[in-house]
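A short worksheet on the structure shown next.
What you see is a predicted model; the values in this text were computed from it and never measured. Residue numbering restarts at 1 for every chain, and letters A, B, ... go by the order of the sequence lines. In what follows, every heavy atom counts, from backbone to side chain, and hydrogens, waters and symmetry copies are set aside.
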Amino acid sequence: MLFVQLGHNKFAVRQSYSNIYFLVKFASMNFIVSAAVRGIKHLYNEEIDGSLISLQDTRKEFEGQVTIVIFPIIKVSKKSPEQTANELGAYLLEHVEEVSGFNVVKGFLNLVIADTYWLKLFNTQLLHPSFGVFEANGKKVMVEYSSPNTNKPLHLGHVRNNLLGFSVAELLTATGHEVIKVNLVNDRGIHICKSMLAWQKWGNGETPENTLIKGDHLVGKYYVVFDREYKKQIEEMKLEGQTEEEAKKNAPLIREAQEMLQAWEAGDPGVMNLWKTMNGWVYDGFAVTYKNLGVSFDKYYYESNTYLLGKDTVEEGLEKGVFFKKPDGSVWIDLTSDGLDQKLVLRADGTSVYITQDLGTAQMKYDDFGMDESIYVVGNEQDYHFKVLFLILEKLGKSWSKGLYHLSYGMVDLPSGKMKSREGTVVDADDLIAEMVENAKQKTELLGKTNDFAEEDKALLYQQIGMGALKYFLLKVEPKKRLLFDPKESIDFQGNTGPFIQYTYARIRSLLTKSGFNGYVPAEATILPEERDMILLLQKYPQELSEAAQAHSPATLANYLYELAKLFNKFYHEIPAIIREEDSVLQQHRLNLCALTADVLKRGMKLLGIEVPERM
RNA sequence: GCCUCGGUAGCUCAGUUGGAUAGAGCAACGGUUUUCUAAACCGUGGGUCAGGGGUUCGAAUCCCUUCCGGGGUACCA
């Protein structure tokens, strides 16, 4: 091949996790920065730092691809922005081979980079197998997500959690981290006992087998039964003259549930058996939902094994003087100097509270894996809890505490407000999945896209499209924002959606097949502006990936993929039919471009947990 | 009360390490198919970036303040 590796624009992204933003963002434009620095030296006899050269994409209404913002430089040039821009532009045009023109708009120097540069970049770097592939960076990261309670089925809020956690894990893996996905199952406690007790009393021996009800839903049904019967008792007791508070505390049902919890803690064989049986039903149910969601875990922790942890940590804290004991024997930490409150870490009777367990569990997880970073994917209602947890671990002198991160995400709300299990205003995960797949089916059949598909291929396609729509819908929104879901309006399949990107991919695959594309072969063609725009956007993939991973934000990547698909569709529409192209070099080049777009879309969507179909 | 996160077009959202005239999709209206998949493409209309003040050459972006909304401030998890 004729092409020579361009030595000056290796991807900084791949070489290090650089926090020098402009280097990462415009990695292939480093030569412009260094040339500009030389230009300033030549023109104004001043040595400046490269960080003063602020690059951005040229706005599409102007000619050029890269823009230097001149304002920061005028302090050095001591001339007007326009004059400085013109002088620097002239210098770059003369001294930098790739710069083929420039124009100045106010304080902005727009540089036209020669098409030959973009083509070389495309042929040598973007088509290279290492494009967008990060080398292992030796960092180990744990991502804890999902963490369900075993007393009811998953709802839409859990779906957001699962998709977020899985995607963040994928992003980190793709950017060179070793990732451990962990599910900490909340499998014990009073809420589980409520379901167990209700089933014992009113279950009539119902099982998933004899009712054909999915296990988690069956257990959830008895959780609701408990609540209903409990409320009845409260009402009766209030009629007998007790206050609401007294009734809630004294109702026979809640007492029984508490006794059952004590029996569980004492290891009562009957209770343990029931617990194991019903949890088993729930796990079978969850397995189905997880499979549909496409999420997986490397390690499960069970709270039934970890709920007693943390007492050692409390002892350690007392010895170190980080905690203190009140006269009643309860143990506290005073965080008022950090702007927080006093926080209880151990009850007077020596039993644990939530944070006690979490202290112990954090230590255990670190002892097990020795990870550099540990991400907790948990809703934003626990922001305060994690702030306190991390601060305590820091005060205890845990070296690993600085690697702890709470990936906080907003609730999924309905138009009517918050989802509430007890009021039946939850969007059930399994129902929603089924509905999405059904919608995909109807939409696809309406368009007549699958008339010649085999039955099993149809089912797979509807699953891919339905889940693609759902996953993209949830992941395209910045995690920390709360998200509105209106059950009356079905999730779209057009515009900024998963199916739009899937469609774009399938369309490219069809084109490649029909035109007999046989793999990347660098081709030296003359490129059109539409193609240059595509190269410009494709080139950003590694940096987008890196940013999304660092920000723990699949939304960043989702929006990039949408932009790419949109630009491709425009390109596809405007360019003459590639199949009929008679110039074989040009055809090869355009097929390269299409194939790389498909490749990036597929790889990117995979990191969102979304599959792309070959046909749709 | 205090802490915290939000507020961008009718709706759902991008854009926030300060850069040019704030962008998409949906919805509305109009157009594009003898050419590689019309789940597409092109166009029209739509904005006090919650309000006010400040910092600066430049603010949706940073600071202060007010308003609105979510969450937290449990010996629940």
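In this structure, U35(B) makes no Watson-Crick or G-U wobble pair, since no nucleotide meets both defining distances under 3.5 angstrom. When Watson-Crick and G-U wobble pairs are counted only if both distances are under 3.5 Å, G69(B) pairs with C5(B). Of all nucleotides present, none satisfies the Watson-Crick or G-U wobble test against U56(B) with each distance under 3.5 Å. Nucleotide C49(B) is matched to nothing when pairs are restricted to Watson-Crick or G-U wobble geometry with both distances under 3.5 angstrom. Pairing for A27(B) is absent, with no Watson-Crick or G-U wobble pair whose two atom distances lie under 3.5 Å. Remark: C76(B) base-pairs with no nucleotide; criterion is Watson-Crick or G-U wobble with both hydrogen-bond distances under 3.5 Å.
In this structure, NE2 of His406(A) is placed 12 Å from C1' of C5(B), rounded to the nearest angstrom. As rounded to whole Å, 14 Å separates atom C1' of G25(B) from atom CD1 of Ile491(A). Look at CD1 on Ile70(A): it is 13 Å from C1' on C57(B), rounded to the nearest Å. Rounded to whole angstrom, the span from the CD atom of Gln502(A) across to the P atom of A38(B) amounts to 17 Å. Atom P of nucleotide A40(B) and atom CG of Leu601(A) are separated by 14 Å, given to the nearest angstrom. As rounded to whole Å, 13 Å separates atom C1' of C41(B) from atom CZ of Phe568(A). Distance CZ (Phe485(A)) to C1' (C13(B)): 16 Å, rounded to an integer number of Å. Per the geometry, CD belonging to Glu563(A) stands 12 Å off C1' belonging to C13(B), to the nearest Å.
Electrostatic pairing of Glu531(A) and Arg590(A) counts as a salt bridge here, judged by a charged N lying under 4.0 Å from a carboxylate O. At a threshold of 4.0 Å, the pair Lys249(A)-Glu245(A) does not count as salt-bridged, since none of the basic side-chain nitrogens sits closer than that to a carboxylate oxygen.
Among the heavy atoms of the strands lying under 4.0 Å from Ile575(A) is at least one base atom, whether or not backbone atoms are also near. Across all strands, Ser515(A) comes closer than 4.0 Å to no nucleic acid atom at all (heavy-atom distances). When heavy atoms are screened at a 4.0 angstrom cut-off, Leu483(A) is found touching the sugar-phosphate backbone but no base atom. The residue Ala506(A) sits close to a base: some heavy atom pair falls under 4.0 Å. Here Leu484(A) lies in heavy-atom contact (under 4.0 Å) with sugar-phosphate atoms only.
Along RNA chain B, the nucleotide nearest to Leu340(A) and the one nearest to Val477(A) differ in position, and the one closer to the 5' end is contacted by Leu340(A). Comparing Glu489(A) and Tyr572(A) along RNA chain B, the residue whose closest nucleotide (by nearest heavy atom) sits nearer the 5' end is Glu489(A).
Applying the 4.0 Å criterion to OP1 and OP2 of U4(B), one finds that Lys387(A) has every side-chain N and O outside that range. In this model, the phosphate group of G25(B) is not approached by any side-chain N or O of Lys476(A) to a distance below 4.0 Å at OP1 or OP2. Taking side-chain N and O atoms only, Lys570(A) has a distance below 4.0 Å to OP1 or OP2 of C42(B).
A14(B) sits 13 Å from A9(B) when the C1' atoms are compared, rounded to a whole Å. Taking the P atoms as reference points, U61(B) lies 12 Å from G18(B), given to the whole Å. Spacing between U73(B) and G15(B) at atom C1', rounded to whole Å, works out to 33 Å. Taking the C1' atoms as reference points, A60(B) lies 7 Å from U16(B), given to the whole Å. With P as the reference atom, A38(B) and U33(B) are 12 Å apart, rounded to whole Å. Taking atom C1' in both A28(B) and G45(B), the straight-line distance is 9 Å, to the nearest Å. Across the P atoms, G10(B) and G46(B) are found 11 Å apart, a figure rounded to whole Å. C41(B) and A27(B) have their P atoms separated by 13 Å, given to the nearest Å.
One N or O donor and one acceptor, one from the side chain of Thr444(A) and one from the base of A39(B), sit under 3.5 Å apart.
Side chains of Ser195(A) and Asn151(A): no donor on one and acceptor on the other come within 3.5 Å. If you check the side chains of Tyr462(A) and Glu445(A), you find a donor sitting under 3.5 Å from an acceptor. Neither side chain, Glu478(A) nor Tyr409(A), offers a donor N or O lying under 3.5 Å from an acceptor on the other. Side-chain contact, Glu438(A) with Gln442(A): a donor N or O sits under 3.5 Å from an acceptor N or O.
Between the side chain of Asp486(A) and the backbone N or O of Lys488(A) there is at least one donor-acceptor pair closer than 3.5 Å.
When distances are taken from the side chain of Glu478(A) to each of A14(B), G25(B), C13(B), the shortest belongs to A14(B). Side-chain proximity of Tyr562(A) to the nucleotides U8(B), U35(B), A24(B) is greatest for A24(B).
Just one residue in the list Phe386(A), Phe390(A), Tyr376(A) forms a ring-ring contact (aromatic ring centres under 6.0 Å, His included) with His406(A), and that residue is Phe386(A).
Ring geometry for Tyr300(A) against Tyr302(A) counts as parallel: the plane angle stays under 30°, on a 0 to 90° scale with 60° as the upper cut.
With a 6.0 Å radius and a threshold of 12 heavy atoms from other residues, nucleotides or ligands, Lys458(A) has its NZ atom above the threshold. Few gaps surround CG on Asp349(A); more than 12 heavy atoms of other groups in view lie less than 6.0 Å from it.
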Between Arg507(A) and Asn569(A), is a side chain to side chain donor-acceptor pair (under 3.5 Å) present by the stated rule, with each step listed? CA-CA 9 Å; Arg507(A) 215 182 195 192; Asn569(A) 279 312; 2.8 Å; yes
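Aromatic ring centres of Tyr223(A) and Phe226(A) lie farther apart than the 6.0 Å criterion allows.
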Expected rows: protein N/O vs nucleotides 18-21 of chain B N/O, under 3.5 Å:
from, atom 1, to, atom 2, distance (Å)
A20(B), N7, Gln56(A), NE2, 3.1
A20(B), N6, Thr67(A), OG1, 3.0
A20(B), N6, Asn110(A), OD1, 3.2
A20(B), N1, Asn110(A), OD1, 3.2
U21(B), OP1, Lys106(A), NZ, 2.9

B/S/- along nucleotides 67-77 of chain B (protein heavy atoms under 4.0 Å) is ----SSS-BSB
